[in-house]
Amino acid sequence: MVTTRAGILGTGHSYPEGILTNADLATMVETSDDWITTRTGIKQRRKAAPEEYTSQFAVRAGRQAIERAGLQAEDIDLILCATVSPDQILPSTGCIIQAELGANKAAAMDLVAACSGFLYGLTLADAMIRTGQTKYALVIGAEVLTRYVDYTDRQTCVLFGDGAGAAVVGAVEGDRGILAARIRSDGRYLEQLYSPGGGTRRKPTAETLAAGDHFFKMKGNELFKVAVRSMADISREVLEEAGLSAEDVKLFIPHQANQRITDAVANKLNVESERVYSGISQHGNTSSASIPIGLDESVEAGKISPGDLVLMASFGGGVTWGGVLLRW
Ligand code: COA
């Protein structure tokens, strides 16, 4: 029997000032505002300036989440930073965030699960809190994806944007908190979205850089189908585990990959658009940051009240996917 539940105590988000519009992209590759809007729902995305980097946005989002949770940085004892665009290989962006925040008691690490990273982090934080290993966890999704985007590849360059979102997780009372959390992966589909260069397999050299091996490569059509199926399935799974149905959900926050993917998943679950968060027109796909940004924007907009059921589902490169159901 679960005696203690973990719940979200505070949220925050941050993104760069820089904006890349569809019109900007139309000057770079053969595309149009009309194509991007109809096929993806995206109108603009945030783009970090050359001197900006991932941990800066993560720290701003994290600080806001800690403040809203009514805590101090020293109260945090675990930092999980989900990212596929870290500041550098070593140390982890988590450790850089830990130092910047002054979270002196916190263990810190990065979590690489692409767009599912935030829900992976939330699931692990939930388990750590319920076992008593952790009192307050800071889970962050933070990305500067535009560094890995090939601005000659019109299929991918229109999709991705930068930003960060964060949540402080801790024990909660009553019927609040995380009711069910599930994460999954299937590495057989790794080539649907990947970056072949930059690691030990294809170490960075002048040749691999010139060949663009460090850029994201994507099989968009195939990914689309797997994304819809896996997000709908995992959503049903967590609802079933909690003995609830999609009708009970006040707000559904899916990973923001494509408005058509969001619509297809919501349709499969019978959740009408009024109950579905959508921020893709303004942010594009911010990978691990998309769900925590969505969560914080929804909190700020007063769309989530105590007692509301919130369903989150994600899907990303790996491939990875996850679902978390919580009572706010
Ligand atoms: N502008 C104009 N035309 C474009 C284009 C762009 N930015 N990108 C692709 N096209 C063209 C293609 O070349 C193709 O042309 P063709 O018919 O002459 O060959 C045509 O548009 C249709 O391409 P297709 O790939 O079938 O389009 P789509 O409707 O599947 O949309 C994606 C493409 C990438 C938007 C869509 O597949 C998608 O969102 N997939 C999921 C991606 C994703 O979620 N990634 C991250 C996972 S977390």
Side-chain angles (χ1 to χ4, degrees), residues 15-16 18-33 35-36 39-40 42 44-57 82-90 92-93 110 112-117 141-164 185 187-224 226-227 255-258 261 280 283-290 315-320:
Y15 39 70
I19 289 174
L20 190 64
T21 65
N22 291 351
D24 295 330
L25 285 162
T27 66
M28 298 155 77
V29 287
E30 203 184 324
T31 191
S32 64
D33 175 44
W35 193 96
I36 303 171
R39 300 293 181 116
T40 71
I42 302 169
Q44 64 166 51
R45 64 293 287 143
R46 298 286 174 150
K47 188 171 191 282
E51 67 278 9
E52 291 180 309
Y53 45 90
T54 305
S55 64
Q56 294 175 316
F57 305 107
T83 185
V84 289
S85 46
D87 281 8
Q88 54 209 61
I89 292 285
L90 186 71
S92 69
T93 305
D110 285 4
V112 183
C115 308
S116 304
E143 307 285 1
V144 176
L145 298 175
T146 55
R147 294 282 148 78
Y148 293 96
V149 166
D150 178 357
Y151 285 99
T152 65
D153 173 10
R154 68 178 180 175
Q155 204 211 172
T156 52
C157 77
V158 301
L159 300 177
F160 299 104
D162 303 332
S185 72
R188 289 173 302 174
Y189 296 109
L190 66 93
E191 286 191 359
Q192 289 198 351
L193 178 58
Y194 75 128
S195 156
T200 55
R201 192 168 183 170
R202 268 178 101 72
K203 69 170 185 175
T205 63
E207 286 75 30
T208 62
L209 279 174
D213 287 351
H214 56 295
F215 290 136
F216 292 154
K217 324 279 178 204
M218 189 181 76
K219 294 180 180 155
N221 284 120
E222 290 169 39
L223 211 47
F224 195 106
V226 189
H255 166 55
Q256 306 286 296
N258 183 324
I261 293 179
I280 191 137
H283 304 305
N285 179 348
T286 57
S287 191
S288 67
S290 89
F315 170 83
V319 295
T320 58

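Just the heavy atoms: all of them, side chains too, but no hydrogens, waters or symmetry mates, feed the values below.
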Thr54 (side chain) donor-acceptor with Pro86 (main chain) under 3.5 angstrom: no

Please report, to 0.1 Å, the donor-acceptor pairs under 3.5 Å made by any side chain of residues 196-205, with sequence neighbours excluded.
from   : atom 1 : to     : atom 2 : distance (Å)
Arg202 : NE     : Asp213 : OD2    : 2.8
Arg202 : NH2    : Asp213 : OD2    : 2.9
Thr205 : OG1    : Glu207 : N      : 3.2
Thr205 : OG1    : Glu207 : OE1    : 3.4
Thr205 : OG1    : Thr208 : N      : 3.1

Separation of Lys219 NZ from Tyr194 OH (nearest 0.5 Å): 6.5 Å

Heavy-atom closest pair, residues Asp24 and Thr27: O-OG1, 2.5 Å

Over all atoms of both residues, closest heavy-atom pair of Ala257 and Asn285: CA-ND2, 3.8 Å

For Phe160, ring-ring contact (aromatic ring centres under 6.0 Å, His included) partners two or more places apart: Phe216

Ser288 (side chain) donor-acceptor with Gly141 (main chain) under 3.5 angstrom: no

CZ on Arg147 to NZ on Lys47, rounded to 0.5 Å: 7.5 Å

Candidate pair Phe224 and Ile261, rule side-chain contact (heavy atoms from CB on, under 4.5 Å), full reasoning: CA-CA 7 Å; Phe224 195 106; Ile261 293 179; 3.5 Å; yes

Residues Gln44 and Thr21: side-chain donor-acceptor under 3.5 angstrom: no

Passing candidate, side chain to side chain contact (heavy atoms under 4.5 Å, CB included) with Ile42, options Asn258, Leu159, Leu25, Val158: Leu159

For the student: nearest non-hydrogen atoms of Phe315 and Ala227, plus distance: CD2-CB, 3.4 Å

Distance-minimising heavy-atom pair for Gln155 and Met218: NE2-O, 3.3 Å

Check against side-chain contact (heavy atoms from CB on, under 4.5 Å), Arg45 and Asn22: CA-CA 9 Å; Arg45 64 293 287 143; Asn22 291 351; 2.9 Å; yes

Contacts of Gln192 that satisfy side chain to side chain contact (heavy atoms under 4.5 Å, CB included) - sequence neighbours left out: Tyr189, Glu222, Leu223, Val226, Val319

Minimum heavy-atom distance between Ala289 and Gly163, given as atom pair plus value: CB-O, 3.4 Å

Side-chain donor or acceptor of Arg46 paired with backbone N/O of Gly161 under 3.5 Å: no

Salt bridge (Lys or Arg N to Asp or Glu O under 4.0 Å) involving Asp33 - partner list, sequence neighbours excluded: Lys43

Minimum heavy-atom distance Ser287-Glu143, with the two atoms named: OG-OE2, 3.5 Å

Glu30 side chain vs Arg154 backbone, donor-acceptor pair below 3.5 Å: no

For Ser290, all residues meeting side chain to side chain contact (heavy atoms under 4.5 Å, CB included), sequence neighbours excluded: His255, Gln256, Thr286

Under 3.5 Å: donor-acceptor pair, side chain of Thr93, backbone of Ser55: no

Partners passing side chain to side chain donor-acceptor pair (under 3.5 Å) against Thr146 (at least two apart in sequence or in another chain): Asp162

Any Val84 side-chain heavy atom under 4.5 Å of Leu145 side chain: yes

Pro16 backbone acceptor or donor facing Glu52 side chain under 3.5 Å: no

Heavy-atom side-chain proximity of Thr31 to Ile36 below 4.5 angstrom: yes

Check: Phe215 and Thr152 side chains under 4.5 Å, non-hydrogen atoms: no

